[in-house]
Amino acid sequence: MIGVEIKLFNTLTRRKETYVPTVEEKVNMYVCGPTVYDYFHIGNARVFIVFDVIRRYLQYRGYRVKYIQNYTDIDDKMIKRASEEGISVKELAEKFIKAYQEDASWLGVRPADFHPRATEHIGDIIEIVKKLEKKGLAYRIGGDVYFSIKDFPGYGKLSGQDPEEREAGARVEVDLKKKHPMDFALWKAAKPGEPCWESPWGKGRPGWHIECSSMAMRYLDGVVDIHAGGQDLIFPHHENEIAQSEGAYDRSFARYWLHAGYLNINEKKMSKSLGNVLTIRELKENYSPLAIRYFMLSAHYRHPINFSYSQLEQAESAVKRLNILVENIKDRLQRIKGSSEEAHPAPEERGMSLRVEQFRKKFLAAMDDDFNTADALSVLFELARETNIYLDHKERQDPALLQDILSFYQEANEVLGFLEQKEAPLTTDYIEEMIARREKARRERDWATADSIRDKLKEQGVTLEDTLQGTRWRFS
RNA sequence: GGCGACAUAGCCAAGUGGUAAGGCAGAGGACUGCAAAUCCUUUAUCCCCGGUUCGAGUCCGGGUGUCGCCUCCA
């Protein structure tokens, strides 16, 4: 046992529960990935970022996480888009899988352990459908196979949808051939020209929900500890996954269901019809991935958040504050190293070391409690203030303490990902040389020269700041 | 019609019984040759009405408002 107690909100029970592993220290996690028919939008990005962070946190807490995220590379949308573009479904998939990888990586979303594709698991899918048919949970209409929800007693348990109640809402045109309006396709007969596979029901392709059932079970050895996705997948997608999987195998499909809230624009959900869909590609030009991550993590993952450019700009400033702090700590440590201060370090700051320990605990407590990233971030800012005071208002600092603070930020970054990896535009020697020249000018009160050196470096991507311990610099 | 979420300062937002974290923006001040960075000060009848309690943003009841799902959707 690793002695960690993480609470998470389970959509299935509608309660916060303590995470209890099935196998010691392991988490099998499946997150519904993109249908690769287009660039992904910022709503998708929220889901990817949020569960990336949850995954990283579980790892940080000592769990061995197996993380699966699929690509849905065959469905109605894929077929439609491919024909619009005049390319094959396969070409379409390749194009947008590549785009996904680029955009996700830009956002700092780490690759899953496996990214299985629906089209590579047709055999598994057919097996499940056969099983369901054998057990009387599925029926054929022509070359289509449907799942019969009335024959599966638990239907609706995830979403709280009562199949009997649903007539009242009747917004769909009912396919009269189906036994129940909520019955859904497991297998669809191919129309001419569509991609298809041989099956016991003739040529066809999988329905929408079945690929996740089959890939989750295959890659996670039948034990899905955490199954996650966006809120709108609760119904029907995840409800149907449960029905298919539990119907076929008579055992619980997934233990904890996690759902990320919506990302809205102007208080409305993004949708094609409102024309307010914004892709990550469109943001790449003007915003940093760090700001986007920060924005996504600044509210609780289950709450709806409202996107705006001004929010993103606020996030940009906030993230910058933390980055500057970390750079400054590093700079100070660098200065102490090899100097006389190293041999005779500043006195230990006992009180402050204790504070760092408390901040660390607070950070963990926030994250343990259903991944409260907003609260966790606030801890980083509280410590930032104290550290700035320590750095700016004392002449000497205890390197051990600075290192402790730095480590804490690096650990937090390992989970949340808010620190920038900067490419050095200039060599250290050159910068130090310029700083020395500026110092000389300053001593001679030649402000014009001093300022022109500083301006020049600024142009070249280096920011200079004068402190008690001399001039520090950082890549800006 | 059924199910659900949310309502906290100018903006964003955390906080599930003990008189309100944090970020951004604004104002004033400190530091600085200037700047940058930073620090300090400053801004909340926690949507409304009842109730429970010694005590409620936090629990209960009733309103009002906003949004979402029930159809493809992250």
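Chain letters run A, B, ... following the sequence lines, proteins first, then strands; residues in each count from 1.
Taking 4.0 angstrom as the limit, A:K458 places none of its side-chain polar atoms (N or O) nearer than this to OP1 or OP2 of B:rA36. For the OP1/OP2 pair of B:rA5 and a distance below 4.0 Å, the side-chain nitrogens and oxygens of A:R14 include no atom meeting the criterion. Phosphate proximity of B:rA14 to A:N372: absent, as no side-chain N or O sits under 4.0 Å from OP1 or OP2. Using a 4.0 Å cut-off, no side-chain N or O of A:R385 falls inside it from OP1 or OP2 of B:rU38. Considering only side-chain N and O atoms, A:R438 lies nowhere under 4.0 angstrom from the phosphate OP1 or OP2 of B:rG33. The side chain of A:R474 places no N or O atom within less than 4.0 Å of a non-bridging phosphate oxygen (OP1 or OP2) of B:rA37. Taking 4.0 angstrom as the limit, A:K269 places a side-chain polar atom (N or O) nearer than this to OP1 or OP2 of B:rC69. Phosphate contact (OP1/OP2 of B:rA30, side-chain N/O of A:H393, threshold under 4.0 Å): absent.
Residue A:N328 is in sugar-phosphate contact alone, with no base atom involved, counting any heavy-atom pair closer than 4.0 Å across all strands shown. Within 4.0 Å of A:F295, counting heavy atoms only, lies no atom of the nucleic acid at all. Within 4.0 Å (heavy atoms only), A:H237 reaches no atom of the nucleic acid at all. Among the protein residues, A:I389 comes within range of the sugar-phosphate backbone only, with heavy atoms under 4.0 Å from sugar or phosphate atoms but none that close to a base. A:D466 comes within 4.0 angstrom of a nucleotide base, judged by non-hydrogen atoms across all strands. Within 4.0 Å (heavy atoms only), A:Q311 reaches sugar-phosphate atoms of the nucleic acid but no base atom. A:R442 comes within contact range of at least one nucleobase, with a heavy-atom separation under 4.0 Å. Among the atoms of the strands shown, none is found under 4.0 Å from any heavy atom of A:I234. Here A:A260 lies out of heavy-atom contact (under 4.0 Å) with every strand. Residue contacts for A:F381: at a heavy-atom cut-off of 4.0 Å it reaches the sugar-phosphate backbone alone, with no base atom in range.
Atom CZ of A:F363 and atom C1' of B:rA14 are 14 Å apart (whole Å). Between the P atom of B:rG22 and the CG atom of A:L325 lies a distance of 16 Å, rounded to the nearest Å. For A:L457 and B:rC34, the CG to C1' distance is 16 Å, given to the nearest whole Å. Between the CD atom of A:E439 and the C1' atom of B:rG33 there is a distance of 12 Å, given to the nearest Å. Here the C1' atom of nucleotide B:rC12 and the CG atom of A:L263 are 13 Å apart, to the nearest Å. Separating the CZ atom of A:R302 from the C1' atom of B:rG15 is a distance of 14 Å, rounded to the nearest angstrom. Taking atom OH on A:Y301 and atom P on B:rA5, their separation rounds to 14 Å, with Å as the unit. Rounding to whole angstrom units, CZ of residue A:F235 and P of B:rG68 are separated by 18 Å.
With both pairing distances under 3.5 Å, B:rG65 is matched to B:rC6 as a Watson-Crick or G-U wobble pair. Remark: B:rG1 base-pairs with B:rC70; criterion is Watson-Crick or G-U wobble with both hydrogen-bond distances under 3.5 Å. Nucleotide B:rU45 is matched to nothing when pairs are restricted to Watson-Crick or G-U wobble geometry with both distances under 3.5 angstrom. B:rG57: no Watson-Crick or G-U partner with both key distances under 3.5 Å is found in any strand. For B:rC34, there is no paired nucleotide, since no Watson-Crick or G-U wobble pair has both relevant distances below 3.5 Å.
One finds the CZ atom of A:R438 at 7.0 Å from the CG atom of A:D451 (value rounded to the nearest 0.5 Å).
Between A:F184 and A:F147, the angle of the ring planes stays under 30°, which puts this pair in the parallel group of the 30/60° scheme.
Here, B:rA9 and B:rA5 have their C1' atoms 23 Å apart, quoted to the whole Å. Taking the P atom of each, B:rU16 and B:rC34 are spaced 47 Å apart, rounded to whole Å. Remark: the separation of the P atoms in B:rC31 and B:rU19 is 36 Å, to the nearest Å.
Heavy atoms only, all atoms of each residue included: A:V379 and A:F363 are closest at CG2-N, 4.1 Å.
With hydrogens and angles ignored, the 3.5 Å screen pairs no side-chain donor or acceptor of A:H300 with any backbone N or O of A:H303. For A:N323 (side chain) and A:E420 (main-chain N/O), a donor-acceptor pair under 3.5 Å exists by modelled atom type.
With hydrogens and angles ignored, no donor-acceptor pair under 3.5 angstrom links the side chain of A:E382 to the base of B:rG22.
Side-chain contact annotation: A:H121 with A:S214, donor-acceptor N/O pair under 3.5 Å absent.
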